[in-house]
Protein chains: 2
Amino acid sequence: MTDNDELLSIRAAELYYEDDKTQDEIGTILRLTRWKVGRLIAQAKANGFIRIEIVHPRARRLGLERQLRENTRLSDAVVVSTAGVVDEHDLQRRIAQAAADYLTALRPVPRTLGISWGRTLYDISVQLGHGWATGVHVVQINGGVSLNSQPGTAAATAVSIAQKGAGQFTLLPSPAILERVQTKQALAADRSVAAVLQLGATASAYLFSAGQADEGSAHVASGYLTPAQIDDLVQNGAVGDIVGRFISRTGQIVDPALDERTFGIPLEQLRRAKTAIAVIGGQRKHAIAQAVVGSGLCTVLITDEDTARALLAREP
Amino acid sequence: MTDNDELLSIRAAELYYEDDKTQDEIGTILRLTRWKVGRLIAQAKANGFIRIEIVHPRARRLGLERQLRENTRLSDAVVVSTAGVVDEHDLQRRIAQAAADYLTALRPVPRTLGISWGRTLYDISVQLGHGWATGVHVVQINGGVSLNSQPGTAAATAVSIAQKGAGQFTLLPSPAILERVQTKQALAADRSVAAVLQLGATASAYLFSAGQADEGSAHVASGYLTPAQIDDLVQNGAVGDIVGRFISRTGQIVDPALDERTFGIPLEQLRRAKTAIAVIGGQRKHAIAQAVVGSGLCTVLITDEDTARALLAREP
DNA sequence: GCTGAGCCTGCTCACCTGAGCGAGTTTCGC
DNA sequence: GCGAAACTCGCTCAGGTGAGCAGGCTCAGC
């Protein structure tokens with residue numbers, strides 16, 4: 001009986017969704033009353049046999065967003081669909097687009113916005129539309145005088161976001177990681193530099209991404225760390241970094257000595273922030289995304305479908 | 001404008017399909033009238049952004065079936081969904097199941113059913129339910145005294161189909177291909193054998209599969225042909241075989257001499273049949289499926305989604 | 001054999017939704 | 001600058017659909 005009912009519900013669903021027939025017509029075809037047909041279709045839905053997918057680069061998964069809001073500490077979430085994604089780069093562009101959309105719709109409009117830098121942030125700055133804000137002050141919150149092959153990317157990101165928001169920007173004139181603790185402390189003590197950090201501390205919103213801890217880390221590409229050093233960090237439990245600081249699965253600083261030499265606002269400032277938007281997506285960043293969300297380092301997460309599911313699988 | 005409308009239609013579709021909101025509620029959220037929302041959703045559908053899929057081993061694609069009926073000579077078609085298929089074997093089972101379902105629902109119930117043999121036919125015989133017919137006469141239509149490692153599969157298929165249909169069966173006591181033409185002619189002239197062929201010629205319905213022309217051909221496994229001979233056939237345009245006979249893309253016999261030695265009803269008999277059900281699916285059988293459908297060798301095709309699409313791409 | 005609980009069936013009713021229509025608006029060519 | 005064509009918008013209306021309800025059926029336990 002149940003088996004036969006299941007098959008019937010599939011036949012009914014086919015006629016309903018594929019052939020656009022009314023439940024009444026289906027009733028005539030299958031020799032059932034239209035109420036029975038309605039119940040069969042409802043049953044097929046309840047059993048998960050009917051999959052409705054929105055295939056569009058800007059499609060979101062509202063169901064997953066709701067689950068994230070309900071089952072994690074996040075106050076808000078944006079989950080982009082992976083349906084029709086062709087490659088990693090395509091996915092990153094979708095996420096950046098979603099972040100740009102979120103920023104544009106953010107209310108109240110942030111007066112001061114603290115940002116990190118990197119590939120993701122740069123993508124967001126490109127996707128942002130002109131006039132997304134009126135008079136925002138963009139401040140870098142971690143060291144970013146880039147040593148890498150695309151000089152100025154960090155600065156270009158801040159400049160672009162500020163310009164498109166008809167505002168001004170303040171760069172943090174420092175490397176991401178200094179070689180000696182003393183240098184870092186001296187730099188932090190410098191009045192002009194301290195003023196930037198102070199400004200970053202008062203930001204009304206933060207926008208940052210995260211890096212995974214492997215040979216593909218931006219810190220390696222930028223020359224601040226060697227692959228061997230990354231390996232060491234991983235051995236000690238690092239799953240990735242945010243605003244330059246490497247953290248473990250539980251959100252703890254992995255290497256306090258290294259962290260002392262890392263220039264930028266402390267993680268505690270993110271944890272206390274009312275609006276901290278993390279933009280983290282892609283297969284390789286599942287672990288760091290879990291660490292960030294699980295330890296309350298952000299209030300808003302912008303991510304992809306797969307990462308969201310991985311997150312929900314951990315925290316039920 | 002258009003761009004913005006497209007995005008709006010996606011947002012509306014998300015709320016409608018993912019969040020189960022009414023168009024009126026969506027109107028309130030997006031500050032639109034409920035008619036505008038309805039039009040946006042219709043637009044999203046028309047643009048193909050909404051994909052509704054029925055995920056079930058026995059789900060069919062009625063839309064493709066209709067297209068096949070309209071754009072080919074087929075009088076009927078069954079197309080099984082590939083959504084959620086795990087491997088080739090799974091797909092073949094779905095197709096066999098669909099064929100068994102089709103046979104069970106076939107009206108009028110065939111009095112005499114001509115069948116070929118092979119992996120697919122065997123699968124169908126397994127999936128068939130007891131009592132699918134009452135008093136059917138099953139007749140083999142091509143040579144099938146098997147030489148291979150699973151002796152009796154061909155016979156077992158016929159026996160099983162007949163038994164489950166509460167009927168009798170008649171085997172064709174001959175190899176698929178004979179070594180000499182004279183032997184074949186002598187065998188065909190034998191009264192008891194001729195009677196079987198005669199019975200096959202009067203069948204009220206035929207059920208057969210097809211084999212692809214490559215090293216995986218059942219003829220190689222059965223020992224009737226060598227891989228080298230298959231290669232020769234392919235060189236001469238063979239795309240596969242049905243009821244033991246190798247045909248080209250246009251449905252022509254590829255090697256008349258070989259065909260003379262092949263035992264079974266001639267293809268013309270299938271072409272003239274009122275009900276000839278071909279069961280052909282899987283990536284490797286796209287070419288032979290096209291040949292069979294294109295040259296009118298069957299009136300009914302039971303296949304999978306991908307093969308159906310390949311067929312439709314050829315014949316517009 | 002009887003009885004009651006639980007399930008299924010067919011129905012009413014209210015709500016949701018798509019087709020079609022006229023008014024207002026934009027756009028394009030002259 | 002003007003007029004016509006095309007489009008968009010909000011609406012009416014009828015048809016489609018899901019929630020909730022009463023009656024009947026099945027089945028287990030006494």
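Computed over heavy atoms, backbone and side chain alike; hydrogens, waters and symmetry mates excluded. Each chain gets a letter, A, B and so on, in the order its sequence line appears, and its residues count up from 1.
Residues satisfying the side chain to side chain donor-acceptor pair (under 3.5 Å) criterion with E88(B), sequence neighbours excluded, are Q92(B). A162(A) is linked by a side chain to side chain contact (heavy atoms under 4.5 Å, CB included) to V138(A), F169(A), counting only residues two or more places apart in sequence or in another chain. With sequence neighbours excluded, the residues that form a side chain to side chain donor-acceptor pair (under 3.5 Å) with E65(B) are R60(B). Scanning for side chain to side chain contact (heavy atoms under 4.5 Å, CB included) contacts around R39(B) gives W35(B), with sequence neighbours left out. Taking the side chain to side chain contact (heavy atoms under 4.5 Å, CB included) definition, one finds that D306(B) meets it with T82(B), H286(B), D304(B), sequence neighbours left out. In terms of the side chain to side chain contact (heavy atoms under 4.5 Å, CB included) criterion, residue partners of D87(B) (sequence neighbours excluded) are, by chain and number, H89(B), D90(B).
At a cut-off of 3.5 Å, with distance as the only test, no side-chain donor of R34(B) or Q23(B) sits close to an acceptor on the other residue.
To the nearest 0.5 Å, atom CD of residue Q43(A) and atom CG of residue D5(A) are 5.5 Å apart. Expressed to the nearest 0.5 Å, how far CD1 of I277(A) lies from CG of L301(A) amounts to 11.0 Å. Residue I124(B) holds its CD1 atom at 11.5 Å from CZ of R119(B), rounded to the nearest 0.5 Å. The structure places OG of S209(B) at 6.0 Å from CD1 of I280(B), a figure rounded to the nearest 0.5 Å. The CG atom of D123(B) sits 9.0 Å away from atom CG of L121(B), with the distance rounded to the nearest 0.5 Å.
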- [ ] Show your reasoning for whether side chain to side chain contact (heavy atoms under 4.5 Å, CB included) applies to E6(B) and F49(B).
- [x] CA-CA 10 Å; E6(B) 183 172 311; F49(B) 297 146; 3.8 Å; yes

TODO: Output, in order, the C-alpha distance, side-chain angles, deciding distance and verdict of side chain to side chain contact (heavy atoms under 4.5 Å, CB included) for V293(A) and R73(A).
DONE: CA-CA 7 Å; V293(A) 173; R73(A) 311 198 216 168; over 6 Å; no

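When the C1' atoms of four end pairs are superposed on the next four at each end of the helix from dG1(C)-dC30(D) to dC30(C)-dG1(D), using five pairs per end, the two resulting axes differ in direction by 30°, to 10°.
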Less than 3.5 Å apart, which donor and acceptor atoms pair up between the side chains of residues 95-110 of chain A and the rest of the protein, not counting sequence neighbours?
from: Q97(A); atom 1: NE2; to: D101(A); atom 2: OD1; distance (Å): 3.1
from: D101(A); atom 1: OD1; to: R58(A); atom 2: NH2; distance (Å): 2.9
from: D101(A); atom 1: OD2; to: R58(A); atom 2: NH2; distance (Å): 3.0
from: Y102(A); atom 1: OH; to: D76(A); atom 2: OD2; distance (Å): 2.9
from: T104(A); atom 1: OG1; to: A100(A); atom 2: O; distance (Å): 2.7
from: R107(A); atom 1: NH1; to: T104(A); atom 2: O; distance (Å): 3.2

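On the nucleic acid side, DNA chain D has its first and last nucleotide under 4.0 Å of a heavy atom of chain A at dG16(D) to dG20(D), going 5' to 3'. Put simply, chain A comes within 4.0 Å of DNA chain C, heavy atom to any atom, from dT9(C) to dT12(C), going 5' to 3'.
Remark: Y16(B), T22(B), Q23(B), R34(B) in residues 12-38 of chain B come within less than 4.0 Å of DNA chain C through at least one heavy atom. A heavy atom lying under 4.0 Å from DNA chain D marks none of the residues of residues 45-55 of chain A.
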